[in-house]
J.: 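Below you will find the structure I want to go over with you.
Heads up: numbering here begins at 1 and tracks the sequence.
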Amino acid sequence: MHQEGNPSKLYALEGGLRALGSSVPEAKAGELAGELAEMVTAALRRLESPRPQIRVQGRVVAQPRDLSEFSALSSGLEVLGSRVPEATAGELFLNLVAEMPRWDRYPHSILADDLMALGSRVPEAKAGELAEKLVTEMRQRTDPYEISALASGLRALGSHVPADKTAAAAEKLLAEMRQRTDPHEISALVSGLGALGSHVPADKTAAAAEKLLAEMRQEKDQEKLSAMASGLGALGSRVPEAKIVEAAEKLVAEMRQREDPYQLSILARGLGALGSRVPADKTAAAAERLVAEMRHRMSLSELSALEISALRRRFPAQLVHGSLSAFLALDRSTLARALGELGSRVPEAAADEAAEILVAEMRQRKDSADLQALGAFAARVSDAKASTLLPDTLDRILAPRLWDCGMVAGLFRRQQTSLILDLMKWPTCSGTDSLTRRIGELENVSFEDQQHRIDQQRFQDWLKLWAAKNNYDLSAPPTPTLKGMRGL
């Protein structure tokens, strides 16, 4: 990948590495990963150099950083990271931590994936030492994105860290957390505790949970509430159930007082982050709140003059820069995606009503906003509703343009694997990873690797066996019409 400064070629080479996957010999993977790690750190250093000044709208500002080269190289390292020999994984891991920038939040999410991949290969004898260094770095950082990226590395080390080292690391993180006042920083540090896993002493987990709840009780800002709820969720099943219930009640109470779709979506994200122990009635209440706001934002043709006038009075600031129709569409999408954030316990009735609102709009509009929003919670709708919605949505997807077919993956049900495969053959169909995951859910098999990416080799091996068993012709061309697709 020695194509410095040519991101398009780098991305093409990264795609080739991803396609090769586990077929790359371990020794070669280690050699290539070492080269890539050096190139990643060199790219980071280049990004930290002074940037030329440019004039934008009369103001002189620094020219934006071009992160494409760094992103492509990091993606390649992520692909190879889980194949690196144990002897070199620790050194590469530390090099990336040392180079983690403090000037931009975007690289941290990319480096987090690299750390996850490399961390999974660190041997137990080295894991304790690396965990100590990560915790030290976390205590020295104040940016939540940096702390969260380091926590991802800690999560990859996970169970390899000896119990005594885990306890010591947990004590340091808890002490640091008690000194912080920013909810986002506290939540990020708590995610580090969660990353250490079951070796964290129960009293440390309880203390962290109580610290978060104490902050939530007096907080009103939706961003901060969501961040702290995410921190609670990161602690996992060791948080007492009563604390999960209290946090859920706080979030739902705040949702009942809000009308703004963005604020509601942030609170819904926090509720979803609490996990499956949120009481069903709390999830149902949150879902109903979201659907109720969707009802207020149906198409203009569905609203009376009185309702339109009321909307203009409620949201005057938002309507200054755009039409009411576009405003309603954006809000519906935001609310629908928030419904998806609530997870698998959304009641079917709420999901069905929300889906009907979106599809009714989709039939009238020519863009994909409502269809994309439907994909956020499609798996939650009833089987009966899914069967009625699927033809409409597929008809829209198979129009002569490039669509992300994964948007409707959740509408497929059992016995429709062949239909999904037919769709994946369609030349205008992109974004097939979501469809592959849906096949895995329906067939009760996982095609993901340790970094939760689709392992194409594993999928292809399974697919050949499934096709032979079910008399499915993998080599047949895509069916030209919906009527010809199996399962409809």
J.: Got a second to check how far Glu219's CD is from Lys224's NZ, nearest 0.5 Å?
T.: 5.0 Å

J.: Do Glu185 and Thr142 come within less than 4.5 Å of each other through their side chains, counting heavy atoms only?
T.: yes

J.: Okay, side chain of Asp433, backbone of Ile454: is any donor-acceptor separation there less than 3.5 Å?
T.: no

J.: Taking it one step at a time, do Arg332 and Arg337 satisfy side chain to side chain contact (heavy atoms under 4.5 Å, CB included)?
T.: CA-CA 9 Å; Arg332 281 195 306 273; Arg337 289 185 175 88; over 6 Å; no

J.: Looking only at non-hydrogen atoms, find the nearest pair between Leu339 and Ala350 and report the distance.
T.: CD2-O, 4.4 Å

J.: Salt bridge check: are Glu254 and Arg289 linked by an N-O gap of less than 4.0 Å?
T.: no

J.: Quick one: are Gln416 and Leu390 in side-chain contact, heavy atoms under 4.5 Å?
T.: yes

J.: Any side-chain heavy-atom pair from Leu232 and Val190 closer than 4.5 angstrom?
T.: no

J.: Under 4.0 Å between a side-chain nitrogen and a carboxylate oxygen: does that hold for Lys385 and Glu356?
T.: yes

J.: How many angstroms lie between atom CE of Met294 and atom OG1 of Thr334, to the nearest 0.5 angstrom?
T.: 10.0 Å

J.: Salt bridge check, Lys243 against Glu246: does any charged N sit closer than 4.0 Å to a carboxylate O?
T.: no

J.: Using side-chain heavy atoms (C-beta onward) and a distance below 4.5 Å, is Leu423 in contact with Cys405?
T.: yes

J.: So, the side chain of Arg256 versus the backbone of Ala286: is there a donor-acceptor pair under 3.5 Å, distance only?
T.: no

J.: When you measure from the side chain of Ser148 to the backbone N and O of Tyr145, does any donor-acceptor pair fall under 3.5 Å?
T.: no

J.: Is the shortest heavy-atom distance from the side chain of Val445 to the side chain of Phe447 under 4.5 Å?
T.: yes

J.: Is there a side-chain contact between Thr388 and Val359 (heavy atoms, below 4.5 Å)?
T.: no

J.: Check the pair Arg295 / Glu353 against salt bridge (charged side-chain N to carboxylate O under 4.0 Å, His left out), numbers first and verdict last.
T.: CA-CA 9 Å; Arg295 292 187 202 112; Glu353 182 177 355; 2.5 Å; yes

J.: Of the non-hydrogen atoms in Pro279 and Ala248, which two are nearest, and what is the gap between them?
T.: CD-CB, 4.5 Å

J.: Give, for atom CZ of Phe412 and atom OG of Ser434, the distance between the pair rounded to the nearest 0.5 Å.
T.: 11.5 Å

J.: Start with the C-alpha gap between Trp466 and Ile439, add the side-chain angles, then the distance that decides, and say whether side chain to side chain contact (heavy atoms under 4.5 Å, CB included) holds.
T.: CA-CA 11 Å; Trp466 183 92; Ile439 289 175; over 6 Å; no

J.: State, to 0.1 Å, how close Val278 and Leu271 come at their nearest heavy-atom pair, and which atoms those are.
T.: CG2-O, 3.8 Å

J.: Do the side chains of Arg217 and Glu210 get close enough for a salt bridge, i.e. N-O under 4.0 angstrom?
T.: yes

J.: Testing the basics here: between Pro347 and Ala284, what is the closest heavy-atom pair and its distance to 0.1 Å?
T.: CG-CB, 3.7 Å

J.: Give a yes or no on whether a salt bridge exists between Glu448 and Arg437, defined as a side-chain N under 4.0 angstrom from a carboxylate O.
T.: yes

J.: Calculate, to the nearest 0.5 Å, the distance between atoms CG and NZ belonging to Leu174 and Lys204 respectively.
T.: 7.0 Å

J.: Out of curiosity, Arg258 CZ to Leu264 CG, how far, rounded to the nearest 0.5 Å?
T.: 8.0 Å

J.: Can you tell me how far CG of Leu150 sits from CG of Leu154, rounded to the nearest 0.5 angstrom?
T.: 9.0 Å

J.: Keeping the roles fixed (side chain from Ser187, backbone from Gly231), state whether a donor-acceptor pair exists under 3.5 Å.
T.: yes

J.: Identify the two heavy atoms, one from Ile147 and one from Arg141, that lie closest to each other, and give their separation to 0.1 Å.
T.: CD1-O, 3.6 Å

J.: Which pair of heavy atoms, one from Leu435 and one from Met424, lies closest together, and at what distance?
T.: CD1-CG, 3.6 Å

J.: Please walk me through it: do Thr205 and Leu193 pass side chain to side chain contact (heavy atoms under 4.5 Å, CB included)?
T.: CA-CA 8 Å; Thr205 299; Leu193 275 179; over 6 Å; no

J.: Are any of the side-chain heavy atoms of Lys220 and Gln257 separated by less than 4.5 Å?
T.: yes

J.: Side chains of Leu274 and Leu251, heavy atoms from C-beta outward: is any pair under 4.5 Å?
T.: yes

J.: Is a donor from one side chain sitting under 3.5 angstrom from an acceptor on the other, for Glu443 and Thr417?
T.: yes

J.: What's the verdict on side chain to side chain contact (heavy atoms under 4.5 Å, CB included) for Leu173 and Met138, showing C-alpha distance, side-chain angles and the deciding distance?
T.: CA-CA 8 Å; Leu173 285 174; Met138 291 173 76; 4.1 Å; yes

J.: Treating Ser226 as the side-chain partner and Glu223 as the backbone partner, does any N or O pair qualify as donor plus acceptor under 3.5 Å?
T.: no

